[in-house]
Number of protein chains: 2
Amino acid sequence: MDLTERKLKILQAVIADFVRTAEPVGSRTISKNYSLGSPATIRNEMSDLEEMGFLTHPHTSSGRVPSEKAYRLYVNEMMKKRELSQAEKDAIASELYQNVTELDSLIERAAHVLSEITSLTAFALSPGKEQDTLRYINLLPVDDYSVVLMLVSDSGKVSNTVVRLKAPASEDTLRILAKNMTYNYSGKTLSEALKIDIIENFRTDAAAMSMFEQSIAPSFIRTLEDMLNVNLYMDGLTNIFALPEYNDIEKARTFFEMIGRKAEITQKLISRGDGIEITIGGENQDADLSDCSVITATYHVDGRLVGKLGVIGPTRMKYDEVTSVVEYLTDNISKAFMLTEGDDDDR
Amino acid sequence: MDLTERKLKILQAVIADFVRTAEPVGSRTISKNYSLGSPATIRNEMSDLEEMGFLTHPHTSSGRVPSEKAYRLYVNEMMKKRELSQAEKDAIASELYQNVTELDSLIERAAHVLSEITSLTAFALSPGKEQDTLRYINLLPVDDYSVVLMLVSDSGKVSNTVVRLKAPASEDTLRILAKNMTYNYSGKTLSEALKIDIIENFRTDAAAMSMFEQSIAPSFIRTLEDMLNVNLYMDGLTNIFALPEYNDIEKARTFFEMIGRKAEITQKLISRGDGIEITIGGENQDADLSDCSVITATYHVDGRLVGKLGVIGPTRMKYDEVTSVVEYLTDNISKAFMLTEGDDDDR
DNA sequence: GTTAGCACTCAACGTGTTCGAGTGCTAATT
DNA sequence: AATTAGCACTCGAACACGTTGAGTGCTAAC
């Protein structure tokens, strides 16, 4: 059987209606709102579409519902990109173009505005720092027994920890240590740095060495790990209560439980493809996601830092709108960051 | 009418039963499980208790439900402190006594374990830093156009930002600036520091001055504000789905919406009294909390840093258990922090 | 190939009935 | 005077049943 022009139009109509109303769509409705023929004709076509796997039937006497295959066809072939409205652009701009000290908080805002605009649950992953390199390492005495270990990475990320010492350290010792650490570590990526067998590569006077081993090394490692950590931000969780598909308390519950497993979600997001990726229903492996669709996109900052953001919602989703927003957002994140990081701080 | 011994016992029995089952308690049940007389007797007593405002009646032919007044009486007069089980103590210990670089992450864990043990929604507020004083201020050149502004406060909190400069700065200029800032700010509390009219109190050479004004001051202020910020951590949000009172989707929705207003919650928490505070149902002013009870306690770290933690749950709550856990946790937070901050990092 | 017509299906809704847990009241018992 | 047994009564929950209406599938006419 062939997907004729009219069949396509009917399918599109069914999808549009169902996305809007969440109710199975009957032949009469289509016939009334689109001039595609009489109810009976539509019915015949729908019956064909069902045979082909694009529509389903909750029960004999109810209207049609698009299948995952239908959404997939729609996304691949029929969907047109949507221009964002001015209001949407404004909302995004006012959320992104603010002074931000950290890239992370920009990402958090991105998730916020994304959930606001789409009325879905949004998430954003702060950039992975694997490729980030150590640029500056220093040890600064604060008082006799405490030292600040400061690390600056190429991406401008700064991290530091107060390290408590077991014995007071002379400024000289600290300088030697800092120099030595700089020699061993600077220019290395964070993940490389973690792999170095520190004690081995580390020859200096005994006092400095023992201090390093006992006090500084553990903090150093912890700090590196911390800098590597990716953060997952989510927003708009309660938006799902507005969706009829989550009127069932059990559905809502599993949704929130799934959303709560942040580590798992982070992993899944990371392993998704670059650019815009749309997965529909069962295409998401996870059973808890089997009646959700996920749209993600990759953002780049500065050519090196890469992260993801996206939304999760019911398979019945405005794919065109959401895709456009997600795309627009990723395009603008790096721009926004350049602006706040750059010179003209005072916009 | 008098609250006789028996009336008290019956009331306690009703509370115990209702807390356990969430079902209205009938006279037969009480009569069977406690030897307090025949069903008829119990009924008469219950009728009295209802007249006194301790019990209510969902409808004529159903059992009794404790009123807020009853819970209040229970909490004030009848409740006994509960010893924590070894398992609970272990859970708390394993969550708290881990290496933590930041107090904040300890607080976050406290919220986690609290929600685990109580099966309720837990929250914890990181300590307020109003009394925290600046101890160390420095400006460190990273490259020609960027400088790290580093602040260390008395509580060991370190914060810093990469500041982009409009013009390259000599090391000398930076040293002068840092010295000047140290002179003006160190020893001041964070909130005092924010109030100082910086430019006014700041006399140095023109180049340094202009750099300060244009590049460093804004970052400095932002960083101070950031250090003052209190974080709210929550955990166990999905626990409410296990509660029959939240089988209603509308209830669940308002709960999550309320939980989402973090700024508001933070304010409410801060303004609660010191020590253990229990508010029951309508005692919480907020309408969204009118059938919840909130138990909070204050923790102290180091004598100066003060924060809150607690749980929120249905008025039907195991007040004795929860109170004990909350109390135990606050008692142990400062101890845990001392341990990780202190010398013996390697437990 | 399209459409009108019609029998058929099935969820949703309202109504009526039953069942049982629980009460309140009265009268008997202790 | 306090307690208890007994009984009529209430009301929600569960179930059965009929009705309604939106929608289908099929057939025959256009």
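The chains referred to below are lettered A, B, ... by the order of the sequence lines, with proteins before strands, and numbering in each begins at 1.
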- Task: Nearest whole angstrom, please: distance from the C1' of D:dG23 to the CE of A:Met46.
- Result: 10 Å
- For the side chain of B:His59, counting heavy atoms from C-beta on, which of D:dT24, C:dT9, D:dG12 is nearest? D:dG12
- Message: Please confirm whether the shortest side-chain N or O distance from B:Arg64 to OP1 or OP2 of C:dG22 is below 4.0 Å.
- Response: no
- Geometric cation-pi criterion, B:Lys69 with B:Phe54: 6.0 Å, 45°: yes
- Task: Rounded off to whole Å, could you give me the NZ-to-P distance for the B:Lys7 and D:dT3 pair?
- Result: 9 Å
- Task: Give the rounded distance in Å between these two atoms: CG of B:Asn44 and P of C:dA28.
- Result: 17 Å
- Query: B:Asn247 has an atom CG; how far is it from atom P of D:dA13, in whole Å?
  - Reply: 13 Å
- Does B:Glu257 pair with B:Arg253 as a salt bridge, N-O distance under 4.0 Å? yes
- Query: Between B:Tyr233 and B:Phe123, is the ring centre distance below 6.0 Å?
  - Reply: no
- Task: Check the distance between C:dT23's P and B:Glu45's CD and give it to me in whole angstrom.
- Result: 14 Å
- Task: Could you tell me whether the phosphate oxygens of C:dA21, OP1 or OP2, come under 4.0 Å of any side-chain nitrogen or oxygen in B:Arg43?
- Result: no
- Query: Listed in order of residue number, which residues of residues 14-42 of chain A have a non-hydrogen atom at under 4.0 Å from DNA chain C?
  - Reply: A:Gly37, A:Ser38, A:Ala40, A:Thr41
- Tell me: NE2 of B:His57 to P of D:dT10, nearest whole Å? 14 Å
- Task: Go through the N and O atoms of the side chain of A:Ser61 and the base of C:dT9, and report whether any donor-acceptor pair is under 3.5 Å.
- Result: yes
- Mind telling me whether A:Tyr319 and A:Tyr71 have parallel, tilted or perpendicular rings, with 30° and 60° as the class edges? tilted
- Nucleotide D:dG23, atom P - distance to CG of A:Leu55 in whole Å: 15 Å
- To the nearest Å, give me how far apart CG (B:Asp48) and P (C:dC25) are. 12 Å
- Query: What distance separates A:Leu125 CG from A:Lys262 NZ, expressed to the nearest 0.5 Å?
  - Reply: 11.0 Å
- Just checking, is any N or O donor in the side chain of A:Arg43 or A:Ser27 under 3.5 Å from an acceptor N or O on the other one? yes
- Message: Between A:Tyr246 and A:Phe241, is the ring centroid distance below 6.0 Å?
- Response: no
